[in-house]
Participant: 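Quick one: the structure is below, questions incoming.
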Amino acid sequence: MERQAFSGKAAIAGVGYTRFSRESGRTVLDLTMEAVHAAVADAGLQPHDVDGLLSYALSDSVPTHMVARMLGLAGHGWTNDYHGGGSQAAAILGDAAMVIAAGLAETVVVYRSLNGRSGKRMGQISLGSSDGMEEQFLTPYGFRGPVNLFALAAQRYLHDRGLAPDELGPLVVRQRAKAVANPKALLRDPLTIDDYRAAPMIASPLRRLDCCLETDAACAIVVTTPDRARALRNRPVHILGAIRAGGRGAGAMDKAGDDPARIFSAHVAPRFYAATGIAPADIDLVQCYDAYSYLILQQLEDFGFLAPGEVADFAARGEAGRGFALNTNGGLLSEGYVHGLNNVVEAVEQLQGKAGDRQVEAATALCTGFGGNFGSALLLGLEA
C-alpha cells in the first residue's frame, strides 16, 4: 500500500476540552460549545475561521449542523456526523485530513461531547431496530453491556497468555500514577496493589478499576492546512496516516470464528504499517484506547511493541526502557472517557510540548480507536 494521499496535507493547530466530571449539570450542547471555542482560541483563530465540523456519537450528543448554527458558519460549511463510539476516535482525524486535502474546507473542528455519566449511559438496552438492534437478543444471556462482552474476551486472552486476573493490577496502578500529574484527570489519587485487589469485581476477570470511566465532558480538535497551521501560535502536529478496519472477533462473539478474543488491532495494525511505511521502533508515544485494562496488552502485542512471550513481563513492569511512552494522561482508565478523543488530545499536547509535568520526548504518536473487532489507528508527527 502506498502512502495515503492525504498524509502530511493537514495539521492539528489547537485543542480544547471541558472539565471532566461525573455530573456536569449542563447540556451536551453547552459542553460542546465550550470545547469548540477553547480549541479555536488555542489555535489562535476566531469562530468565523471555521468552515467544517465533524463529530461522532451514539445518540448521545449534538449534531454538527446545530454547532454550525451556533458558530454562525455561512452555509454550515462541510459538516458530517458519524455513527459510532470508540472505533471513530482515531479515524475521524483522517477524515478531517481528507476533507482538507480535497480542498472542501480549510479549517475543520472535530469534537466529541457527551454526558456519559449523568446522561445516556453504556449498557442501556432498547427494543427494536435502534443503535443496539442485536442487544435485545443477547441481554437475556448476560451480555448486559460492553463490560460483560469484553470480560469474556479478557478471560480467553489472559488464559492464552498464561496471566492470572490480578496480574493486571500493576498495569492499572501505573496508569493511575500518570494521572496524578494530569490536572484534568477525573481520578488523581494514587493506587496501590491492595487498592486494586479490594476493588469489586464487575464481570470476571474485570474489576471496577479495570474499566474506563463514564464521564461528562467534551473535547475538540482544530485541523487545518499545514501552511495555515505554521502561521498560528502552536507547533503544527501533522496527520500522517489513518486506518479503519475490522473482521471477525470479540465485538461479535457469536460470529467470531476461531478466535473470540480477537480485537480490531489484529486487523488494523498490518494495514497501518503498510500505509505509513513506519515500524514500531519509529513511534515515540502510544495512546492506546484502554476501555478495559487488558486491551493495552493486546493492542501492544498486535501492533508489534510486544512479542507474545513478553506480555506478562510488560504487565508487571511496564514500558520503561522499551523506547516508547504509553498513555501519559492516565488513559481512559483514570483521566476520563470521552470516547477516546481525549487520548488524541493528549498526543497533540505531548507533541506540541504543552503537557506540563507529564511531558515526554516525542516526535511521533500512535492513537487507537477501539470498537471490539472493528476500530482505527492514527499516526501523528511533527514532520510532514
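Everything numeric here is computed off the predicted structure, so don't read it as measured data.
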Participant: Assess the residue pair L295 and C288 against the criterion (side chain to side chain contact (heavy atoms under 4.5 Å, CB included)); give the C-alpha distance rounded to whole Å, side-chain angles, the decisive distance to 0.1 Å, and a yes or no.
Facilitator: CA-CA 8 Å; L295 292 172; C288 273; over 6 Å; no

Participant: Which atom names give the shortest non-hydrogen contact between L285 and A362, and what distance separates them?
Facilitator: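 It is CB-CB, 4.2 Å.
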
Participant: Without swapping roles, check the side chain of N373 against the backbone of G251 for a donor-acceptor pair under 3.5 Å.
Facilitator: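 Indeed, once roles are kept as given, a pair shorter than 3.5 Å links the two residues.
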
Participant: Does the side chain of E346 come under 3.5 Å of the side chain of T328 through a donor N or O and an acceptor N or O?
Facilitator: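 Looking only at side-chain atoms, T328 and E346 do form a donor-acceptor pair, the distance falling under 3.5 Å.
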
Participant: Please tell me if the side chains of D282 and T364 come closer than 4.5 Å, counting only heavy atoms from C-beta onward.
Facilitator: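 With C-beta onward as the side chain, the pair stays apart.
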
Participant: Would K178 and E319 count as a salt bridge (charged side-chain N to carboxylate O under 4.0 Å, His left out) if you check the C-alpha gap in whole Å, the side-chain angles of each, and the deciding distance to 0.1 Å?
Facilitator: CA-CA 13 Å; K178 296 169 187 176; E319 65 271 23; 2.6 Å; yes

Participant: Main chain of V180, side chain of R188: is a donor-acceptor contact present, judged purely on distance under 3.5 Å?
Facilitator: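 Indeed, once roles are kept as given, a pair shorter than 3.5 Å links the two residues.
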
Participant: Who passes side-chain contact (heavy atoms from CB on, under 4.5 Å) against D194, sequence neighbours left out?
Facilitator: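 So D194 forms a side-chain contact (heavy atoms from CB on, under 4.5 Å) with T192, R197.
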
Participant: Rounded to the nearest 0.5 Å, what separation is found between the CG atom of L209 and the CG atom of D195?
Facilitator: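 So the CG of L209 and the CG of D195 are separated by 7.5 Å.
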
Participant: Take N342 and Y17 through the side chain to side chain contact (heavy atoms under 4.5 Å, CB included) test and state the conclusion after the steps.
Facilitator: CA-CA 8 Å; N342 53 309; Y17 40 84; over 6 Å; no

Participant: Do L332 and Y196 belong to the same hydrophobic cluster, where Ile, Leu, Val, Met, Phe, Trp and Tyr are linked whenever their side-chain heavy atoms lie under 4.5 Å apart, directly or via other members?
Facilitator: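 Looking at the clustering, Y196 is in the same group as L332.
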
Participant: Over 60° means perpendicular and under 30° means parallel, so classify the ring planes of F370 and F264, tilted if in between.
Facilitator: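 Perpendicular, since the angle between the ring planes exceeds 60°.
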
Participant: Assess whether side chain to side chain contact (heavy atoms under 4.5 Å, CB included) is satisfied between T18 and S24, documenting all intermediate values.
Facilitator: CA-CA 10 Å; T18 66; S24 70; over 6 Å; no

Participant: Can you name the residues that form a side chain to side chain donor-acceptor pair (under 3.5 Å) with S55, not counting sequence neighbours?
Facilitator: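 S55 satisfies side chain to side chain donor-acceptor pair (under 3.5 Å) with no residue once adjacent residues are dropped.
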
Participant: Which side-chain N or O atoms in residues 87-100 pair as donor and acceptor under 3.5 Å with protein atoms at least two apart or in another chain?
Facilitator:
residue : atom : partner : partner atom : Å
Q88     : OE1  : R244    : NH1          : 3.2
Q88     : NE2  : H83     : O            : 3.1
D95     : OD2  : Y82     : OH           : 3.4

Participant: Distance-only, no hydrogens or angles: does the Q298 side chain make a donor-acceptor pair with backbone N or O of A261 under 3.5 Å?
Facilitator: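 Pair found, side chain donor or acceptor close to backbone of A261.
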
Participant: So, using side-chain contact (heavy atoms from CB on, under 4.5 Å) as the criterion, who are the partners of H65 when residues are at least two apart?
Facilitator: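 Listed in chain order: P63, R69, H76.
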
Participant: Hey, is the main chain of E361 close enough, under 3.5 Å, to the side chain of D284 for a donor-acceptor pair?
Facilitator: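 The answer is no, because no donor-acceptor pair under 3.5 Å joins these two groups.
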
Participant: Look at atom CZ of R156 and say whether more than 12 heavy atoms of other residues, nucleotides or ligands are closer to it than 6.0 Å.
Facilitator: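 Count over threshold, so yes.
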
Participant: Measuring from T107:OG1 to Q46:CD, what's the distance to the nearest 0.5 Å?
Facilitator: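 Answer for the OG1-CD pair, T107 versus Q46, is 12.0 Å.
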
Participant: Quick one: closest heavy-atom pair of A68 and T79, and the distance?
Facilitator: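 In terms of heavy atoms, the two residues are closest at CB-CG2, 4.3 Å.
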
Participant: Are any side-chain N or O atoms of H37 and backbone N or O atoms of P47, one a donor and one an acceptor, separated by less than 3.5 Å?
Facilitator: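 Absent.
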
Participant: Between the main-chain N or O of Y337 and the side-chain N or O of T215, is there a donor-acceptor pair closer than 3.5 Å?
Facilitator: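 Judged by distance alone, yes, a pair lies under 3.5 Å.
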
Participant: Can you name the residues that form a side-chain contact (heavy atoms from CB on, under 4.5 Å) with K9, not counting sequence neighbours?
Facilitator: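 So K9 forms a side-chain contact (heavy atoms from CB on, under 4.5 Å) with A101.
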
Participant: Counting only pairs under 3.5 Å, give me each side-chain donor-acceptor contact of residues 234-242, with atom names and distances, residues two or more places apart or in other chains.
Facilitator:
residue : atom : partner : partner atom : Å
N234    : OD1  : K354    : NZ           : 3.3
N234    : ND2  : A13     : O            : 2.9
N234    : ND2  : D42     : O            : 2.8
N234    : ND2  : D42     : OD2          : 3.3
R235    : NH1  : L351    : O            : 3.1

Participant: Give me the ring orientation class for H339 and Y56: parallel if the planes are under 30° apart, tilted from 30 to 60°, perpendicular past 60°.
Facilitator: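 Judged by the thresholds at 30° and 60°, the geometry between H339 and Y56 is tilted.
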
Participant: Please determine whether residues L104 and I12 belong to a single hydrophobic cluster, defined as Ile, Leu, Val, Met, Phe, Trp and Tyr linked transitively by side-chain heavy-atom distances below 4.5 Å.
Facilitator: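 They do share one cluster, since a chain of ILVMFWY contacts under 4.5 Å joins L104 to I12.
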
Participant: So that I can tick it off, tell me whether D166 and R207 are bridged by a salt bridge, with the cut-off set at under 4.0 angstrom between side-chain N and carboxylate O.
Facilitator: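 Judged by the 4.0 Å cut-off on N to carboxylate O distance, R207 and D166 do form a salt bridge.
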
Participant: I296 versus Q175: any side-chain heavy-atom pair under 4.5 Å?
Facilitator: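 Yes, their side chains come closer than 4.5 Å.
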
Participant: Has D290 got a side-chain atom pairing as donor or acceptor with L333's backbone, closer than 3.5 angstrom?
Facilitator: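 Confirmed, D290 side chain pairs with L333 backbone.
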
Participant: Does F150 belong to the same Ile/Leu/Val/Met/Phe/Trp/Tyr cluster as F374, with side-chain heavy atoms less than 4.5 Å apart forming each link?
Facilitator: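 Hydrophobic grouping puts F150 apart from F374.
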
Participant: Looking at N80 and L54, would you say the former's side chain and the latter's main chain have a donor-acceptor pair under 3.5 Å?
Facilitator: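 No: the side chain of N80 does not pair with the backbone of L54.
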
Participant: State which residues pass side chain to side chain donor-acceptor pair (under 3.5 Å) with E301; sequence neighbours excluded, sorted by chain then number.
Facilitator: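 Y157, R161.
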
Participant: Taking side chain as C-beta onward, heavy atoms only, is E167 less than 4.5 Å from L158?
Facilitator: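 With C-beta onward as the side chain, the pair stays apart.
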
Participant: Examine I263 and L171 and state if one hydrophobic cluster contains both, with Ile, Leu, Val, Met, Phe, Trp and Tyr joined whenever side-chain heavy atoms are less than 4.5 Å apart.
Facilitator: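 They do share one cluster, since a chain of ILVMFWY contacts under 4.5 Å joins I263 to L171.
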
Participant: Could I get the full list of side chain to side chain donor-acceptor pair (under 3.5 Å) partners for R230, not counting sequence neighbours?
Facilitator: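 Here the qualifying residues are D227.
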
Participant: Enumerate the residue pairs fulfilling ring pair (Phe, Tyr, Trp, His ring centres under 6.0 Å) with a member in residues 304-336, sequence neighbours excluded, ordered by first and then second residue.
Facilitator: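 Applying ring pair (Phe, Tyr, Trp, His ring centres under 6.0 Å) to every pair that reaches into residues 304-336, excluding sequence neighbours, yields F305-F324.
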
Participant: Between the side chains of N329 and N343, is a donor N or O closer than 3.5 angstrom to an acceptor N or O?
Facilitator: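 A donor-acceptor contact under 3.5 Å links the two side chains.
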
Participant: Do D216 and S118 pair up side chain to side chain, a donor and an acceptor below 3.5 Å, judged on atom types alone?
Facilitator: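 Yes, because at least one side-chain N or O of D216 sits under 3.5 Å from a partner of the opposite role on S118.
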
Participant: Counting only heavy atoms not in H159 (residues, nucleotides, ligands), do more than 12 fall under 6.0 Å from its NE2?
Facilitator: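 12 or below, so no.
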
Participant: Any side-chain heavy atom of L163 within less than 4.5 Å of one from L297?
Facilitator: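 Yes; the side chains approach each other to less than 4.5 Å.
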
Participant: If you look at every heavy atom in S113 and L31, which pair is closest and at what distance?
Facilitator: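 Scanning both residues completely, I find the closest heavy atoms to be OG-CB, 3.6 Å.
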
Participant: Where do V338 and A217 come nearest, in terms of heavy atoms and distance?
Facilitator: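 The pair with the smallest heavy-atom distance is CG2-CB, 3.8 Å.
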
Participant: Identify whether the distance between the nearest side-chain nitrogen and carboxylate oxygen of E349 and K184 falls below 4.0 Å.
Facilitator: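 Salt bridge between E349 and K184, a charged N being under 4.0 Å from a carboxylate O: yes.
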
Participant: For residues G16 and A38, report the shortest heavy-atom separation together with the two atoms involved.
Facilitator: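 So the two residues come closest at CA-CB, 3.9 Å.
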
Participant: Which residues pass the side-chain contact (heavy atoms from CB on, under 4.5 Å) test with C367, sequence neighbours left out?
Facilitator: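 Applying side-chain contact (heavy atoms from CB on, under 4.5 Å) to C367 gives Q287, V344, A347, L378, L380.
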
Participant: Side chains of F20 and C219, heavy atoms from C-beta outward: is any pair under 4.5 Å?
Facilitator: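 Of all side-chain heavy-atom pairs linking C219 with F20, at least one is under 4.5 Å.
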
Participant: Could you check I283 against F303 for side chain to side chain contact (heavy atoms under 4.5 Å, CB included), going step by step and ending with a plain yes or no?
Facilitator: CA-CA 11 Å; I283 297 171; F303 276 98; over 6 Å; no

Participant: For residues I193 and G169, report the shortest heavy-atom separation together with the two atoms involved.
Facilitator: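 Scanning both residues, the minimum pair turns out to be CD1-C, 3.7 Å.
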
Participant: With sequence neighbours excluded, tell me which residues meet side chain to side chain donor-acceptor pair (under 3.5 Å) with R176.
Facilitator: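 Per chain and number, R176 pairs via side chain to side chain donor-acceptor pair (under 3.5 Å) with S334.
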
Participant: Using modelled atom types only, decide if a donor and an acceptor are shared between the side chain of D51 and the backbone of E106 within a distance under 3.5 Å.
Facilitator: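 Confirmed, D51 side chain pairs with E106 backbone.
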
Participant: Clusters formed by hydrophobic residues whose side-chain heavy atoms approach within less than 4.5 Å: which one holds L71, and what are its other members?
Facilitator: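 Listed partners: V28, L29, M33, V36, V40, L45, V50, L53, V62, M66, V67, M70, L73, V109, Y111, V222, L232.
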
Participant: May I ask whether I202 and Y292 are part of the same hydrophobic cluster, defined by side-chain heavy atoms of I, L, V, M, F, W, Y residues being less than 4.5 angstrom apart, directly or through others?
Facilitator: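 Yes; tracing contacts between hydrophobic side chains, which count when under 4.5 Å, links both residues.
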
